[in-house]
Amino acid sequence: MDHRLCQHADYQRVYKTSRKQFGKQIAYFHVLRGVPVAGREVARGPRVGLTVPKALGKAVDRNRIKRRLRECVRGALSLLTSDVDVILHPRRSVLTTEFAGLEREVAMIFRSVQAACDRTKNAANRAGSEVEPAQRVPAVQQP
RNA sequence: GCAGGCGGUCGGAUGGUCGCCGCCCGGUGGGCGCAAGCUACACCGGGGGGAGGAAAGUCCGAACUCCGCAGGGCAGUGUGCCGGAUAACGUCCGGGACGCGAGCGUCAAGGCUCGUGGACGGCCAGUGCAACAGAAAACAGACCGCCAGGUGGCCGCAAGGACACAAGGUAAGGGUGAAACGGUGGGGUAAGAGCCCACCGCGUUGGCAGUAAUGACAACGGCACGGUAAACCCCACACGGAGCAAGACCAAAUAGGCAGGGAGACAAUCGCUCCUCUUCAGGCGAUGUCACGUAGCGGCCCGUUACGGCAAGACGAAGGGAUGUGCGCGAGCACAAGUCGGAACCUGCGGGUAGGUUGCUGGAGCGCAUCAGUAAUGCUGCGCCUAGAGGAAUGACCGUCUAAAACAGAAUUCGGCUUACGGGCCGCCUGCACAA
RNA sequence: GCUGAUGUAGCUCAGUGGUAGAGCACUCCCUUGGUAAGGGAGAGGUCGAGAGUUCAAGCCUCUCCAUCAGCU
């Protein structure tokens, strides 16, 4: 299963339904993917997208940022277990910092994302057993 | 040897561990097929390939694709010494003239040699522009000046001297400017002046050399023809427009377009028929029966249940009445209410979106050699295949050379230009130092 | 990727090749008991950068830089 997030529509969904959170050198968005709609195939497993706008530098610098981050994501992907979409917004300092520090940061982000997913899933299960789910994320999951 | 300038060339190498994107081969599974086999899907194994000299800026030129197009002209845009190269070019090569720098030479200039630079046709077709300064800025003119002679008075014994005035002569000197109808030297003169002479510049003519640009030479002229065309313009030549997000093919859902079906029959009763009422003609509806369509259920042509076939869909004739508007003193007359649409559903067709496939890399290609050419380049032969993605592939870490490499990332493809760039190598020129 | 447009004072914009301007904003003065308005004076510009043409460039030509917009 592809762990990349590609479609423009997917990006829009993540941006709409989540709030920006900040790490030291990377800002990130994350959202749980909804229940599969009948007749529509939905990808399983975590997906990660990168956004590197033109303001971060010229083509060489942007490519380098993406490559370093992809390498970090490859190492830390096993930390994400649920069906979650994550978007990373790196800063310019990603170009120059030590690679080991970058790896630590990505791992930390993924751990916190996974923890947040577990929390919301448990809350949804408890609430969904009796009444209408009042939580924000499950409400959005309805098609 | 060092420093500087110009041109060319290379654009980190190598080893290890993980990882990314195409391609090829083999295997397994899936799918299709009676089979042989095929396969665009998934996985595994192996092999091989994977950014640039500028990939950049998008400044030119092409290929390719679509649109337009009888033919010709105007307008517009671009190019602009000559010859050659090329698919083409604003590019490249060679040559010429000109500018700049250095050296040699000269009293000085002209000149010679080397290097180097550039959008280098035409102001003897026409029109325009030139602030300020200056007397004067364009078929020239005279401010301060200079000048023999004339007139006037003054000084002086005289020779003559200085002054003023009018009419002239002159352009050497002063001064302004970016630019003032040739420059230097000599003669000449009242003062001057190509007025005359020598050299230079310029122009005209002539033949000579050269494919040509042009060059050198001779004779003559006697200075006229100032600058600006990256001012309008003239001359010569070239040019249709858009661009791979061009274009082609396949094509879901939803909405919408077009065509057809839906839009049948029978009997009686009760109704409707356009502001309203009455009558007539025609038409229509509801209820009923049968047939039909759609959906569900039952295994089925069949049965059964539900729904559907629409504003009671026509618009004609005669007469009476009400309302509104206009006209009319009024009686009254005229006009108006309101328009033409077809439903659910089914079938077919065409356009077309998401999405997919293609265009997509073998080409005006690269390397080597021979030959032609001063060269750019071309012919021939041999060898090579060298990214092709689609949110977009080359990375991370550790070694060694060696220290951390500079500018920087393909997106339809080529030929150029321009701009950015650490360092290495090669060639040419200049200067300095040392040695012979 | 392709195609266009624009850069002038702190801001918004003018500017036929001949000394760079307007409005708002800023500083000082007058006016007022004080403020605003009004009047007067003043400061503020590498005309995005660099070359070229020209006697002379904000303007003409070329090359760079930055910003904005359109095509999907």
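Note on naming: letters A, B, ... go to the chains in the order of the sequence lines (proteins, then strands), and numbering restarts at 1 for each one. The structure displayed is predicted, hence computed values, not measured ones.
Between atom CD of residue A:Gln25 and atom CG of residue A:Leu69 there is a gap of 9.5 Å, rounded to the nearest 0.5 Å. Here the SG-CD1 distance, from A:Cys72 to A:Ile26, works out to 7.0 Å after rounding to the nearest 0.5 Å.
Of the candidate nucleotides B:G409, B:A392, B:G395, B:G409 has the atom lying nearest to any side-chain atom of A:Lys58.
Across all strands shown, nothing is found opposite B:A162 as a Watson-Crick or G-U wobble partner with both distances under 3.5 Å. Judged by Watson-Crick or G-U wobble contacts below 3.5 Å, the nucleotide B:U430 has B:A3 as its partner. Within the shown strands, B:C401 is the pairing partner of B:G12 under the Watson-Crick or G-U definition, both distances less than 3.5 Å. In this structure, B:G141 forms no base pair with any nucleotide, since neither Watson-Crick nor G-U wobble geometry is met with both distances under 3.5 Å. Across all strands shown, B:C23 forms a Watson-Crick or G-U wobble pair with B:G47, both key distances being under 3.5 Å. Base-pair partner of B:G243: B:C64 (Watson-Crick or G-U wobble, both distances under 3.5 Å).
Between A:Glu71 and A:Arg74 there is a salt bridge, with a side-chain nitrogen of the basic residue lying less than 4.0 Å from a carboxylate oxygen of the acidic one.
Between the side chain of A:Arg67 and the base of B:G19, no donor-acceptor pair under 3.5 Å is found.
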Checklist entry - Can you give the dot-bracket line for RNA chain C, using ( ) for pairs inside the strand, [ ] for pairs that cross earlier ones, | for pairs with another strand and . for unpaired bases, where Watson-Crick and G-U count if both distances are under 3.5 Å? => result ((((((((.[[[[.)..(..]]]].(((((.......))))).....[[[[[..)....]]]]]))))))).

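To the nearest angstrom, P of B:G395 lies 12 Å from CZ of A:Arg68.
A:Arg62 comes within 4.0 angstrom of no nucleic acid atom, judged by non-hydrogen atoms across all strands.
In this structure, B:G309 is classed as anti because its glycosidic torsion departs from zero by more than 90°.
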